[in-house]
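Just so you know, these numbers use all the heavy atoms, side chains as well, and skip hydrogens, waters and symmetry mates. We count ligands from 1, going down the list as the structure has it; atoms in each ligand are counted the same way. Worth saying up front: this structure is predicted, and the values here are computed from it rather than measured.
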Amino acid sequence: MTRAIPFLLIAAIFLSIALPTSAQERMRPEETEEWEPVPPVIDPGPFAGSLAPPSDAIILFDGSNLDEWASTRTRGDAGWRVHDGVMSVVQDAGSIHTHRTFRDYQLHLEWRVPQGVMGSGQARGNSGLFMAYDLSRGQGYEIQILDSYENSTYVNGMAGATYKQSIPLVNPMRPPGEWQTYDIIWRAPRFSEGGEFMEPARVTAFFNGVLVQDNVEMEGETYYIGEPEYHPYESAPIYLQAHGDPGPTLSFRNIWIRPIE
Ligand code: MG
C-alpha cells in the first residue's frame with residue numbers, strides 16, 4: 001500500500017502530461033501565432049475575368065443555387081443568400097459544406113471581402129476554405145480567407161496561409177470590394193486501412209494567380225488552439241466558414257473542382 005500510492009501518483013502525473021487532448025487544452029491560442037516574416041505585399045494586377053470551368057469540372061456553385069451545399073449546423077438547406085450570381089455568407093445560418101466528398105483535387109474559387117468591411121485583425125472579413133472537413137469532429141484543413149489588405153494579424157493566419165501552419169510566400173491581396181481567386185491543388189493525407197498515419201497532406205495554392213503555397217506539407221488539421229494533429233479520413237466535404245464577424249459579409253462565386261483520380 002505505502003509503495004503503491006507513490007506509483008499511482010507518478011502514473012497519474014505522467015498520464016496527464018502524455019494525453020494530447022489535455023495538453024492542447026492547456027495551450028493558449030497565442031502560442032501558435034507567428035508574426036514574422038511578414039510576406040511582401042505585391043500587386044497581382046487587376047481581376048482579369050472569371051476562370052471558366054473546364055468541361056470535366058464538377059460545378060459547386062455557378063451563381064444560381066446552393067444545391068451542392070448544406071448547412072453544417074442543421075445538415076439541411078445551406079441558408080446563405082444567393083443574389084446577383086454570387087452567394088453571400090449569412091452569419092446566423094453558420095458554415096456550409098458540400099454534399100459531395102473529395103480526396104485529391106484541383107479547385108477554383110472566387111471570393112470578395114465586402115466594401116465597408118468592419119473590424120480588424122482576425123475579425124475583419126474572416127472566412128475560410130476548408131480543403132477537407134470532418135463533419136463528425138468539426139475539424140479540418142483550412143486555408144484562411146481574410147481581409148489581408150492593409151490589415152495586420154499573425155502571418156500564419158493571413159489570407160493565403162494554411163491556418164496557423166504555413167505563411168504565404170507573398171501577399172497579393174486586392175482591396176475590399178474586389179474579387180480574389182484561389183486555385184488549390186490538394187493532396188489528401190494517406191492513412192492505412194487501420195487508420196494509421198502514412199503520408200502528410202500537401203497543398204499548392206495560387207492566390208490571385210500568384211503562388212503562395214508551393215507543395216507544402218501539412219502538419220495535420222488546422223486548429224485555433226493547440227498543435228496540428230492528423231485524424232484519418234478517406235474523403236471529405238469542402239467547407240466554407242461563417243466566422244460571425246459583424247457588418248457586411250463575404251461573397252463567393254464560380255466554385256468548381258476537378259477530382260484527381
Ligand atoms: Mg477563417
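Aromatic ring centroids of Phe61 and Trp256 lie 6.0 Å or more apart.
At least one N, O or S atom of Gln241, from either the backbone or the side chain, sits less than 2.8 Å from the Mg ion (ligand 1). One of the N, O or S atoms belonging to Gln144 lies under 2.8 Å away from the Mg ion (ligand 1).
In this structure, the separation between CG on Leu107 and CG on Leu60 is 6.5 Å, given to the nearest 0.5 Å.
Between the OD1 atom of Asn126 and the O atom of Ser127, the angle centred on the Mg ion (ligand 1) amounts to 70° when rounded to 10°.
The Mg ion (ligand 1) sits nearest to atom OE2 when only the N, O or S atoms of Glu142 are considered.
Under the 3.5 Å distance criterion, with hydrogens and angles disregarded, no donor-acceptor pair is assigned to the side chains of Gln139 and Asp134.
Ring-plane geometry between Tyr230 and Phe197 is classed as parallel, the angle between the planes falling under 30 degrees on a 0 to 90 degree scale with a further cut at 60.
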